[in-house]
Amino acid sequence: MPEEILQTHKLLDRCERSLAERFTVHKLHEAADKQALIRDISPRIRAIAGGNVDAALMDKLPRLELIANFGVGYDSIDTKAARERKIRVTNTPNVLNDAMAEITIGLMVALARRIPQADQFVRQGKWLKGSFPLLSELNGKTVGILGLGRIGKEVAARAQAMKMRVVYHGRNRQPNEPFIYYDNLADMARDADWLVLIAPGGKSTEKIVNRDVLTALGPEGFLVNVGRGTLVDEPVLVEMLQSGGIAGAALDVFEKEPTVPEALFALDNVVLSPHQGSATHQTRNKMGDLVVANLDAHFAGEPLLSAVV
Ligand code: A2R
């Protein structure tokens, strides 16, 4: 008999096919009566594929051993509760670094050179009546990276290729990295023309980009968030964008996505993106493969490929 697993949200077709080849998969997100499904299958579930797992759900699955998250960020899983219950958690690191770094640079260029507005300018025939305004470049500017991790380092490499100066903030200095380290985020923002956020979500980083940090970034400064919406005090960000407190923002993530503050729609100094940092065929397939590989390893009694708990 195949093992039975619980899937908590929609996954890629290819990933779902791989799971179905190996396991009997119960789809929580498709169940009309979720509690009834959980009651029915709970004695047999040893693994979950997907995120959105809190302590209450763990408690309803007494044999749960593994949560295989789809995504490098695992802030939708209560890892403290998992650790206490000796439930392992895996994520999908590294395979998305390049895609994430590409969109980060893409958003920066889009914001600096107003590419979305330039496209509209041509389509709406405005070019026939006059030139597009002169704008700014990335080269020669300083980018401050919040979170010089696996993705942050790929962003740094590409920013250097754009002839930018790279500085970073995290909880720890990384002595092997050639970039200047700031132990204070506001100090880094003050020194930076661009502030790029690529740190994890969760309690320890919640609203870490607050009014002080945005004020330090200042009226000439640009913010790019490809990490988590929760990193930023969103109402303050909106206010600072409206008032010119910062120059602009490119946002791929939002606090309550897919709901985006409507006030942002009216602003000309923002580029909005639907959390698509890793959303390419090649990267999402690799992420799905890693979810399946972690489940395979677990049920074969082998070491997990990318455990976070
Ligand atoms: O704090 P450090 O030195 O461990 O640096 C990590 C930094 N970080 C933080 N920085 C400031 N305050 C914090 N409370 C804090 N917690 C973590 O974020 C590290 O440089 C970086 C995370 O790097 P990795 O763990 O290698 O993550 P990866 O694969 O780059 O992905 C970053 C995030 C995900 O968690 C998703 O939320 C998003 O990208 O897609």
Side-chain angles (χ1 to χ4, degrees), residues 50-53 67-80 89-107 143-159 166-189 192 195-210 212-213 216-217 223-234 250-257 273-280 283-284 286-288 290-291 294 305-309:
N52 305 336
V53 186
I67 302 163
N69 184 54
F70 183 95
V72 64
Y74 47 88
D75 44 325
S76 74
I77 297 169
D78 187 339
T79 48
K80 182 167 173 281
V89 179
T90 58
N91 67 343
T92 60
N94 291 319
V95 293
L96 78 183
N97 295 353
D98 289 332
M100 291 290 301
E102 283 185 14
I103 196 118
T104 305
I105 299 295
L107 287 170
V143 57
I145 299 178
L146 166 62
L148 191 73
R150 291 168 294 232
I151 299 169
K153 290 184 178 75
E154 293 294 337
V155 173
R158 285 160 179 78
V166 176
V167 300
Y168 73 102
H169 167 73
R171 291 161 303 180
N172 308 294
R173 181 190 300 274
Q174 301 182 48
N176 293 333
E177 295 303 324
F179 315 115
I180 288 176
Y181 170 70
Y182 283 85
D183 61 7
N184 180 287
L185 178 55
D187 287 347
M188 179 175 82
L195 178 59
V196 169
L197 315 181
I198 185 57
K203 280 273 166 289
S204 77
T205 57
E206 201 174 329
K207 296 188 175 24
I208 190 171
V209 179
N210 54 22
D212 286 350
V213 172
L217 185 60
L223 177 77
V224 179
N225 190 1
V226 291
R228 281 289 182 267
T230 55
L231 295 167
V232 181
D233 188 330
E234 208 167 67
L251 308 169
D252 189 45
V253 288
F254 303 86
E255 193 181 344
K256 297 193 178 86
E257 59 190 52
S273 174
H275 198 155
Q276 55 151 332
S278 67
T280 65
T283 288
R284 287 285 168 89
K286 286 184 204 158
M287 290 165 66
L290 192 45
V291 169
N294 274 304
L305 284 87
S306 47
V308 291
V309 172

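Quick caveat, the model's predicted, so the values are computed rather than measured. First listed ligand is number 1; within each ligand, the first listed atom is number 1.
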Legend entry - Shortest protein heavy-atom distance from atom 40 (O) of ligand 1, along with the residue and atom involved: Val72 CG1, 3.6 Å
Inset, instruction - Identify which one of Lys286, Lys153, Arg150, Arg158 satisfies the salt bridge (Lys or Arg N to Asp or Glu O under 4.0 Å) criterion when paired with Asp98. - result: Arg158
Inset, instruction - Would you mind running through ligand 1 and noting each atom that sits below 4.0 Å from a heavy atom of Leu148? - result: 20 (O)
Legend entry - Ligand-residue contact atoms, ligand 1 with Ala199, heavy atoms, under 4.0 Å: 18 (O), 33 (C), 37 (O)
Inset, instruction - May I ask you to decide whether Asp252 forms a salt bridge with Arg228, counting only side-chain N to carboxylate O separations under 4.0 Å? - result: no
Inset, instruction - Could you check which of Leu96, Ile198, Val95 puts a non-hydrogen atom nearest to atom 32 (C) of ligand 1? - result: Ile198
Legend entry - Heavy-atom nearest neighbour in the protein, as seen from atom 22 (C) of ligand 1, with distance rounded to 0.1 Å: Pro200 CD, 3.9 Å
Legend entry - Residue, atom name and distance, where the atom is the protein heavy atom closest to atom 25 (O) of ligand 1: Arg150 NH2, 3.5 Å
Inset, instruction - Indicate the atoms forming the closest heavy-atom contact of Leu185 with Leu195, along with that distance. - result: CD1-CD1, 4.3 Å
Legend entry - Check: Thr92 side chain, Met287 main-chain N or O, donor-acceptor pair, under 3.5 Å: no
Legend entry - For Tyr168, all residues meeting ring-ring contact (aromatic ring centres under 6.0 Å, His included), sequence neighbours excluded: Tyr181
Inset, instruction - Would you mind listing which atoms of ligand 1 come within a distance below 4.0 Å of any non-hydrogen atom of Thr205? - result: 13 (C), 14 (N), 15 (C)
Inset, instruction - Mind checking the CD-CD1 spacing from Glu154 to Ile105? Nearest 0.5 Å is all I need. - result: 11.0 Å
Legend entry - Pair Asp75, Thr230: side-chain N/O donor-acceptor within cut-off below 3.5 Å: no
Inset, instruction - Working to the nearest 0.5 Å, report the span between CD of Gln276 and CE of Met100. - result: 10.5 Å
Legend entry - Protein residue, atom and distance nearest to atom 3 (O) of ligand 1, heavy-atom basis: Asn172 N, 2.9 Å
Inset, instruction - Tell me which one of Gly71, Pro93, Gly147 gets a heavy atom nearest to atom 21 (C) of ligand 1. - result: Gly147
Inset, instruction - Measure the spacing between CG of Asn69 and CD1 of Ile77 and express it to the nearest 0.5 Å. - result: 4.0 Å
Inset, instruction - Look at atom 30 (O) of ligand 1 and say which protein heavy atom is nearest, naming residue and atom and giving the distance to 0.1 Å. - result: Ile151 N, 2.9 Å
Inset, instruction - For atom 16 (N) of ligand 1, state which one of Lys153, Arg171, His169 supplies the nearest heavy atom. - result: Arg171
Legend entry - Protein contact to atom 23 (O) of ligand 1 [nearest heavy atom, distance to 0.1 Å]: Gly149 CA, 3.2 Å
Inset, instruction - Tell me which part of Asn97 gets within contact of ligand 1: side chain, backbone, both or neither, using heavy atoms under 4.0 Å. - result: neither
Inset, instruction - Give the single entry among Ser278, Gly152, Ser204, Gly170 that approaches atom 10 (N) of ligand 1 most closely by any heavy atom. - result: Gly170
